[in-house]
Amino acid sequence: MLEVVSNRLQGRTAVVTGAGSGIGRASARRLAAEGAHVVVADIDPAAGKAAADEVGGLFVSVDVTVEEEVKQLYEVARETFGRVDIAFNNAGISPPEDGSILSTGLDAWRRVQDVNLTSVYYCCKYALPHMLEAGKGSIINTASFVAVMGAATSQISYSASKGGVLAMSRELGVEFARQGVRVNALCPGPVNTPLLQELFAADPERAARRLVHVPLGRFAEPEELAAAVAFLASDDSSFITASTFLVDGGISGAYVTPV
């Protein structure tokens with residue numbers, strides 16, 4: 001039984017991509033707990049169906065790199081629930097083949113750009129018409145703290161893709177502000193998700209180098225990001241658009257971290 005947190009999203013429809021695990025799944029839980037109808041979109045049918053069943057939502061199998069599938073996702077959401085109020089465009093990858101520019105091949109570069117950036121372009125493109133028709137809506141795109149910082153332990157295509165998400169979100173937030181649609185870039189710091197756990201398993205030293213720079217001294221939990229998503233989705237953030245919404249434990253503000 002899903003615990004009700006509040007009713008500030010009562011009756012609204014939220015579409016969450018990459019909702020089968022990590023930040024996406026935690027956000028699906030939180031949005032449902034705040035009263036939203038949740039459309040769980042994921043490429044993994046088992047994980048996506050389980051997440052949808054957990055929150056009493058609708059699962060739609062989607063490859064976010066395929067334009068027609070993304071378009072259909074928002075049409076299904078609209079047909080099922082009558083509206084599209086919230087789009088949390090969260091699906092993303094960070095494969096081990098993506099490292100320094102000196103070692104990252106073009107195939108790896110393009111794959112990360114397709115999943116992390118082009119998919120967000122598709123999601124915004126096809127969520128927006130439903131929101132513009134209603135005269136309101138909130139789009140939340142997952143960027144990253146790496147969109148505003150550089151790293152010597154590079155993931156060149158990942159960083160570039162998240163920089164693109166940040167710039168695109170800012171521009172859309174400005175373009176559609178007076179039509180009632182808010183667009184913000186959620187910029188998480190390192191989060192305790194399967195993606196990060198894979199990094200720890202594959203390269204503990206590389207992962208540990210990230211932790212030492214977080215002033216709070218730990219990685220975020222997915223639920224902490226989900227709380228930020230729910231805030232940006234709600235009317236509590238009604239004067240926030242085109243923002244770089246950092247939820248990063250202070251990492252982007254730190255010169256020297258506490259010892």
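Fair warning: this is a prediction, and the values are worked out from it, not measured in the lab.
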Could you pull out every donor-acceptor pair under 3.5 Å between side chains of residues 37-44 and any protein atom, sequence neighbours left out?
from, atom 1, to, atom 2, distance (Å)
D42, OD1, D44, N, 2.9
D42, OD2, A19, N, 3.4
D42, OD2, G20, N, 2.8
D44, OD1, A46, N, 3.0
D44, OD1, A47, N, 3.2

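- You'll find the side chain of K162 reaches within 4.5 Å of the side chain of T142, heavy atoms only.
- For the 3.5 Å distance criterion, the side chains of E97 and T104 fail to qualify, holding no donor opposite an acceptor.
- Taking every heavy atom of both residues into account, A32 and V55 meet most closely at CB-CB, 3.7 Å.
- Put simply, the side chain of Y74 reaches to within 4.5 Å of the side chain of V15, judged on heavy atoms.
- Between the N184 side chain and the I240 main chain, a donor and an acceptor come within less than 3.5 Å of each other.
- Surrounding CD of Q179 are more than 12 heavy atoms belonging to other residues, nucleotides or ligands, all under 6.0 Å away.
- Open room surrounds OH on Y121; 12 or fewer heavy atoms of other groups in view lie less than 6.0 Å from it.
- Heavy-atom neighbours of I101 CD1 from other residues, nucleotides or ligands within 6.0 Å: at or below the threshold of 12.
- Side chains of S234 and E34: a donor-acceptor N/O pair is absent below 3.5 angstrom, by distance only.
- Contacts classified as side-chain hydrogen bond (donor to acceptor under 3.5 Å, both in side chains) and involving residues 249-259 (residues at least two apart or in different chains) are given here: D248-S252.
- Remark: side-chain polar atoms of D85 are not paired, donor with acceptor, to backbone N or O of G137 under 3.5 angstrom.
- With R182 contributing its side chain and S237 its backbone, the two residues share a donor-acceptor pair below 3.5 Å.
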